[in-house]
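No experiment lies behind these values; they were computed from the predicted model shown. Side-chain atoms are counted along with the backbone in the values below, which use heavy atoms only and exclude waters and symmetry mates. Proteins come first, then strands; the chains are lettered A, B, ... in the order of their sequence lines, and each starts at number 1.
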Amino acid sequence: MNKSREIVCIVCPNGCRMNVSYDENNKVTQVENASCKKGEEYAVNEIQCPKRSITSTVGVINGALPLVSVRTDKPVPKEKIAAALEEIRKIRLEAPVKFHQIIMNDLLETGAQLISTKEVARLEKM
Amino acid sequence: MIINKDLVIVGAGPAGLAAAIEAKENGIEDILVVEREPVAGGILNQCIHDGFGIVKFNEALTGPEYARKYIDEAERLQIEIATNTMVQDISSNREVTTISPEGIRTYKAGAIILAMGCRERTRGAICIPGTRPAGVFTAGVAQNLVNIRNIMVGKKIVILGSGDIGLIMARRLTLEGAEVLAVVEKLPYSSGLQRNITQCLEDFGIPLLLSHTVTNIEGHERVKSVTVAKVNEKEDPVRGTSIKFDCDTLILSVGLIPENEVALNAGIILDNVTGGASVDENLQTSIPGIFACGNVLQVHDLVDYVSAEGELAAKSAVSYIKSIKTGEAEITVKAGKGIRYVLPQTISADKDITFSMRVTIPSKRKTIVFKDGEKQLKKKFFMALNPAEMVRIELKSHELKDIRGLEVYIDE
Ligand SMILES: Cc1cc2nc3c(=O)[nH]c(=O)nc-3n(C[C@H](O)[C@H](O)[C@H](O)COP(=O)(O)OP(=O)(O)OC[C@H]3O[C@@H](n4cnc5c(N)ncnc54)[C@H](O)[C@@H]3O)c2cc1C
Ligand code: SF4
């Protein structure tokens with residue numbers, strides 16, 4: 001049996017509404033209304049293994065700011081996001097934190113790295 | 001004592017930084033960027049989600065990463081950024097008064113670029129009845145508390161308004177362990193980008209209640225519940241449709257207003273619809289030598305176009321400083337049927353111009369038309385038009401040649 005679904009592409013701000021047809025093995029047979037290749041790829045992924053990038057914050061000890069913003073360097077499977085956030089919440093970093101510092105390798109065996117997206121200086125004691 | 005500067009830029013957000021870099025690269029040495037916060041980057045510092053720079057850099061950066069590209073470049077070019085410094089006043093003859101821990105200073109600027117960004121509309125601006133308990137935040141304040149200061153705003157949350165910041169915060173608060181009960185929107189459609197509805201609400205099963213509004217806030221010390229009701233076409237609540245949500249927090253994402261107090265004091269003419277200055281195609285305001293760009297000119301949904309506007313304002317300011325003559329902007333651009341506003345408001349039509357505009361309501365398969373009197377100058381077809389998405393259309397100078405008036409409208 002062939003199924004189809006409307007998927008809104010989130011890759012770029014155009015937000016194309018695609019019509020995706022797929023069979024019982026989740027093999028995608030057709031993607032309609034995608035304006036580019038990236039959208040088609042996203043549609044196939046969304047049927048087979050939906051993924052999202054994670055952005056969050058991590059606590060910093062002795063930092064000029066209490067938090068450093070972080071993200072995964074690539075999208076991770078959606079069903080792992082809740083568990084990944086649990087892990088991320090446990091981390092405490094000692095300042096200074098550098099820009100694009102690797103905070104965690106292979107987050108929950110997804111192959112994704114957790115990296116910082118800003119720098120946090122050490123709070124100098126007066 | 002008055003300090004002379006070729007160019008003073010107010011605000012070191014993406015608009016101001018892009019303008020400073022462009023001006024420096026075009027040979028203006030003596031630039032001062034004034035920023036009231038302790039660091040440059042503007043609102044991007046607290047927008048830790050990704051999706052910035054897709055148009056400009058073809059990658060999905062987070063706000064701080066996008067800002068950093070510009071901050072690094074400004075540093076490399078040795079551009080002076082005065083942080084912790086607030087522009088208090090601008091005069092019509094381009095004197096800029098600043099206040100900082102070091103005291104009050106006055107600058108005389110060859111040209112000024114306004115890049116002050118926006119502030120948020122607050123509850124007072126939309127008048128919700130009920131008590132005045134703690135637990136009511138605007139989305140931007142909540143974003144700052146959660147993302148920068150490490151203060152969680154609440155556990156059970158209702159969001160009023162479906163602007164992008166509200167949608168982004170619905171996801172962020174859910175990821176931080178809060179329960180977002182609903183996003184409530186007065187209009188029959190969302191005012192945020194479709195991709196944000198998908199990835200911030202649908203991903204987490206958060207309901208979006210369209211044509212609904214908050215009719216009451218209950219609670220004494222802290223919010224205990226809010227009542228939500230359906231609204232009719234006149235936006236009046238419909239009897240018998242109330243739903244009560246038990247919650248401890250109400251977040252407002254009800255729109256942004258350009259931060260134009262200093263511009264008003266200078267006597268700059270503002271546009272009633274955009275809340276920003278009225279400008280010509282060089283982004284020059286009604287006062288010669290004062291230019292505007294970014295969210296202080298018009299509320300943007302994409303930072304990429306904010307940077308582009310900053311660069312255009314800088315090019316124009318450089319021409320002004322170097323006394324290069326530009327045409328008189330004598331042609332008025334009119335927003336016709338279906339168009340809420342068009343920028344620039346006036347043009348001289350002697351060069352290529354990118355017009356930016358927003359439509360009034362969502363529609364599908366429509367054509368935007370530019371005309372001079374009865375003569376159609378340009379048509380552009382769109383699969384979908386949405387008030388949440390700014391539309392940009394370029395007209396070449398030859399398309400604008402010899403026109404006497406210009407109207408932009410949606411063809412039925
Ligand atoms: C609360 C909020 C949240 C937002 N969140 C998002 C989001 O999540 N995603 C998204 O795509 N867009 C978001 N936006 C839109 C975003 O503002 C724009 O994309 C872009 O950052 C605007 O750039 P800007 O340089 O025009 O303004 P801003 O980034 O706002 O920068 C203006 C700068 O001017 C400074 N300033 C203002 N007045 C003065 C003065 N008198 N003296 C000195 N300095 C002054 C301010 O401190 C600020 O640093 C948000 C906007 C707001 C207001
Ligand atoms: S299909 Fe291509 S153009 Fe359309 S939203 Fe996706 S990435 Fe953007």
Does [X] have more than 12 heavy atoms from other residues, nucleotides or ligands lying within 6.0 Å of its [atom1]?
{"X": "A:Glu109", "atom1": "CD", "result": "no"}
{"X": "B:Arg149", "atom1": "CZ", "result": "no"}
{"X": "B:Gln78", "atom1": "CD", "result": "no"}
{"X": "A:Lys98", "atom1": "NZ", "result": "no"}

To the nearest 0.5 angstrom, please state how far the [atom1] atom of [X] sits from the [atom2] atom of [Y].
{"X": "A:Cys9", "Y": "B:Gln194", "atom1": "SG", "atom2": "CD", "value": "11.5 Å"}
{"X": "A:Arg52", "Y": "B:Arg171", "atom1": "CZ", "atom2": "CZ", "value": "9.0 Å"}
{"X": "B:Glu65", "Y": "A:His100", "atom1": "CD", "atom2": "NE2", "value": "3.5 Å"}
{"X": "A:Lys118", "Y": "B:Leu44", "atom1": "NZ", "atom2": "CG", "value": "10.5 Å"}
{"X": "B:Tyr66", "Y": "A:Thr117", "atom1": "OH", "atom2": "OG1", "value": "15.5 Å"}
{"X": "B:Leu175", "Y": "A:Thr55", "atom1": "CG", "atom2": "OG1", "value": "7.5 Å"}

Can you say whether B:Glu202 sits under 4.5 Å from chain A via the side chain, the backbone, both, or neither, judging by heavy atoms?
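Neither; nothing under 4.5 Å.
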
If you take all heavy atoms of B:Arg195 and A:Ile10, which pair is closest and at what distance?
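Looking at all heavy atoms of both residues, the closest pair is NH2-O, 2.7 Å.
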
What part of A:Ile54 is in contact with chain B, defined as an atom under 4.5 angstrom from a non-hydrogen atom: side chain, backbone, both or neither?
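Answer is neither: A:Ile54 stays 4.5 Å or more from chain B.
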
Name the region of A:Val68, side chain, backbone, both or neither, that has any atom closer than 4.5 Å to a heavy atom of chain B.
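For A:Val68, neither part sits under 4.5 Å from chain B.
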
Quick one: which of [options] has the most heavy-atom pairs under 4.5 Å with chain A, could you say?
{"options": "B:Ile197, B:Asp304, B:Ile54", "value": "B:Ile54"}
{"options": "B:Val146, B:Leu61, B:Leu302", "value": "B:Leu302"}
{"options": "B:Asp203, B:Asn196, B:Leu193, B:Asp301", "value": "B:Asp203"}

Is it true that A:Arg71 and B:Asp50 have a side-chain N and a carboxylate O under 4.0 angstrom from each other?
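Not counted as a salt bridge, because no side-chain N and carboxylate O are separated by less than 4.0 Å.
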
Measuring only between side-chain heavy atoms, which start at C-beta, is [X] closer than 4.5 Å to [Y]?
{"X": "B:Asn150", "Y": "A:Thr57", "answer": "no"}
{"X": "A:Ser56", "Y": "B:Arg172", "answer": "yes"}
{"X": "B:Ile148", "Y": "A:Leu65", "answer": "yes"}

